[in-house]
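Below: one structure, written as structure tokens.
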Amino acid sequence: VAKMFVNNASGQRGLVCHYDVVCFDEVSGISFDQKDGVNIMKGYMASGQFSRGKENIRAEGGLVMVGNLDVDVEQQQRVGHLLSPLPPEMRQDTAFMDRLHAYAPGWDFPKLTPEHFTGHFGLVSDFLSECWTRLRPGNRVAAMQGRVHLGGALSGRDIEAVTKTVSGLLKLDWPDAQMQVPAADLEWMVRLALESRRRVKEQMN
């Protein structure tokens with residue numbers, strides 16, 4: 001927790017204060033050195049800030065958790081828990097799960113093969129990362145206004161998750177905020193965001 005947020009002894013700010021994204025690889029191996037570690041994480045995921053004594057600290061780092069299902073995927077989707085790789089402190093906490101905006105199923109992503117790489121000029125990864133960093137502060141939710149109706153079945157957290165996912169997809173596919181996004185493209189992004197959020201919600205039942 002000290003590395004993630006703040007070291008109470010030294011006051012040094014943690015990873016979420018210094019990076020755009022903090023990624024947990026093999027999330028099943030996470031352990032917490034403080035009993036309230038998950039609660040600190042839940043508060044940060046809900047508000048974008050955490051406390052150190054009487055001081056509230058805002059940060060911008062997103063959280064990504066990567067894990068492997070060590071069972072047959074089709075069977076797991078039918079009867080298992082898609083968040084089973086999470087450590088018990090997270091997996092058994094529905095309030096924590098409710099703060100996850102999206103679940104991206106790895107089995108839907110194609111394996112990289114030579115045909116995915118260009119034989120011509122391309123963008124160097126660190127340059128592309130810098131481009132995405134510059135796009136991060138903006139909000140593209142306005143592109144949905146008057147064009148998308150999410151209905152009354154979604155909770156406030158559902159709506160926040162879907163709109164933030166759509167905003168991120170818009171930045172990737174239509175980085176210029178002045179460009180008009182075709183209805184078909186916007187519909188595809190909204191459907192993908194809804195499906196990604198639904199995968200999380202189904203694990204909470």
Side-chain angles (χ1 to χ4, degrees), residues 1-53 55-109 111-112 129 132 136 154-165 168 192-205:
V1 174
K3 290 182 180 179
M4 276 283 295
F5 297 104
V6 65
N7 187 317
N8 285 326
S10 66
Q12 183 178 1
R13 303 289 171 90
L15 297 173
V16 295
C17 297
H18 298 290
Y19 295 97
D20 289 343
V21 178
V22 177
C23 182
F24 295 92
D25 195 11
E26 297 298 341
V27 69
S28 58
I30 294 178
S31 60
F32 295 92
D33 56 359
Q34 297 178 15
K35 290 183 179 179
D36 60 348
V38 172
N39 289 332
I40 294 172
M41 193 175 291
K42 280 194 299 190
Y44 174 68
M45 292 165 73
S47 65
Q49 60 185 20
F50 55 92
S51 299
R52 178 180 180 264
E55 180 185 13
N56 282 334
I57 302 170
R58 289 203 64 83
E60 298 294 333
L63 302 179
V64 174
M65 300 176 191
V66 181
N68 292 311
L69 295 172
D70 297 324
V71 293
D72 178 74
V73 170
E74 291 187 6
Q75 175 74 0
Q76 189 77 0
Q77 290 185 89
R78 286 195 301 271
V79 301
H81 200 296
L82 292 181
L83 296 175
S84 59
L86 291 175
E89 299 96 328
M90 295 177 177
R91 187 176 63 247
Q92 297 169 4
D93 189 331
T94 54
F96 174 85
M97 288 190 282
D98 200 22
R99 287 160 169 78
L100 298 174
H101 287 166
Y103 184 107
W107 56 87
D108 281 352
F109 290 79
K111 292 183 178 180
L112 291 178
S129 297
W132 288 340
R136 229 175 153 252
L154 275 67
S155 70
R157 284 216 172 97
D158 294 335
I159 293 171
E160 179 186 13
V162 170
T163 53
K164 285 190 173 182
T165 301
L192 181 59
L194 285 166
E195 178 184 338
S196 300
R197 175 60 177 172
R198 178 175 58 80
R199 289 182 186 271
V200 173
K201 296 290 285 190
E202 287 176 344
Q203 311 315 302
M204 297 168 57
N205 296 330

Discussion item. If you apply the rule side-chain contact (heavy atoms from CB on, under 4.5 Å), what do you find for F50 with V6, and how did you get there?
Written reply: CA-CA 9 Å; F50 55 92; V6 65; 3.9 Å; yes
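- Under the 4.5 Å side-chain criterion, counting only non-hydrogen atoms from C-beta, I57 is in contact with R13.
- Applying the side chain to side chain donor-acceptor pair (under 3.5 Å) test to pairs two or more places apart or on separate chains, those with a residue in residues 83-92 are Q76-S84.
- At most 12 non-hydrogen atoms from other residues, nucleotides or ligands lie less than 6.0 angstrom from CD of E60.
- For the pair R136 (side chain) and D20 (backbone), a donor-acceptor distance under 3.5 Å is present.
- Atom CG in L86 sits 8.0 Å away from atom CE in M97 (nearest 0.5 Å).
- In this structure, the separation between CD on Q203 and CG on L82 is 4.0 Å, given to the nearest 0.5 Å.
- For the pair Q49/Y44, no side-chain contact is recorded, criterion being any heavy-atom separation below 4.5 Å from C-beta on.
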Fill in: side-chain contact (heavy atoms from CB on, under 4.5 Å) between M4 and L63, intermediate numbers included
CA-CA 10 Å; M4 276 283 295; L63 302 179; 3.6 Å; yes
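- Two residues are said to be in side-chain contact when any heavy atoms from C-beta on lie closer than 4.5 Å; V38 and D93 meet this criterion.
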Worksheet item: Please walk me through it: do C23 and V66 pass side-chain contact (heavy atoms from CB on, under 4.5 Å)?
Response: CA-CA 7 Å; C23 182; V66 181; 3.7 Å; yes
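- Across D158, L100, L154, a single residue satisfies side chain to side chain contact (heavy atoms under 4.5 Å, CB included) together with K201, and that is D158.
- Salt bridge D98/R197: present, at least one basic N to carboxylate O contact under 4.0 Å.
- Annotation: side chain of S155 is not in contact with side chain of I159 (no heavy-atom distance under 4.5 Å).
- Contact check for V27 versus P87: side-chain heavy atoms found under the 4.5 Å cut-off.
- Side-chain atoms of R99 and R157, non-hydrogen and from C-beta on, do get closer than 4.5 Å to each other.
- The shortest side-chain heavy-atom distance between P85 and L69 falls under the 4.5 Å cut-off.
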Practice prompt. Assess whether side-chain contact (heavy atoms from CB on, under 4.5 Å) is satisfied between L83 and Y103, documenting all intermediate values.
Written response: CA-CA 9 Å; L83 296 175; Y103 184 107; 3.6 Å; yes
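- The shortest side-chain heavy-atom distance between M41 and M90 falls under the 4.5 Å cut-off.
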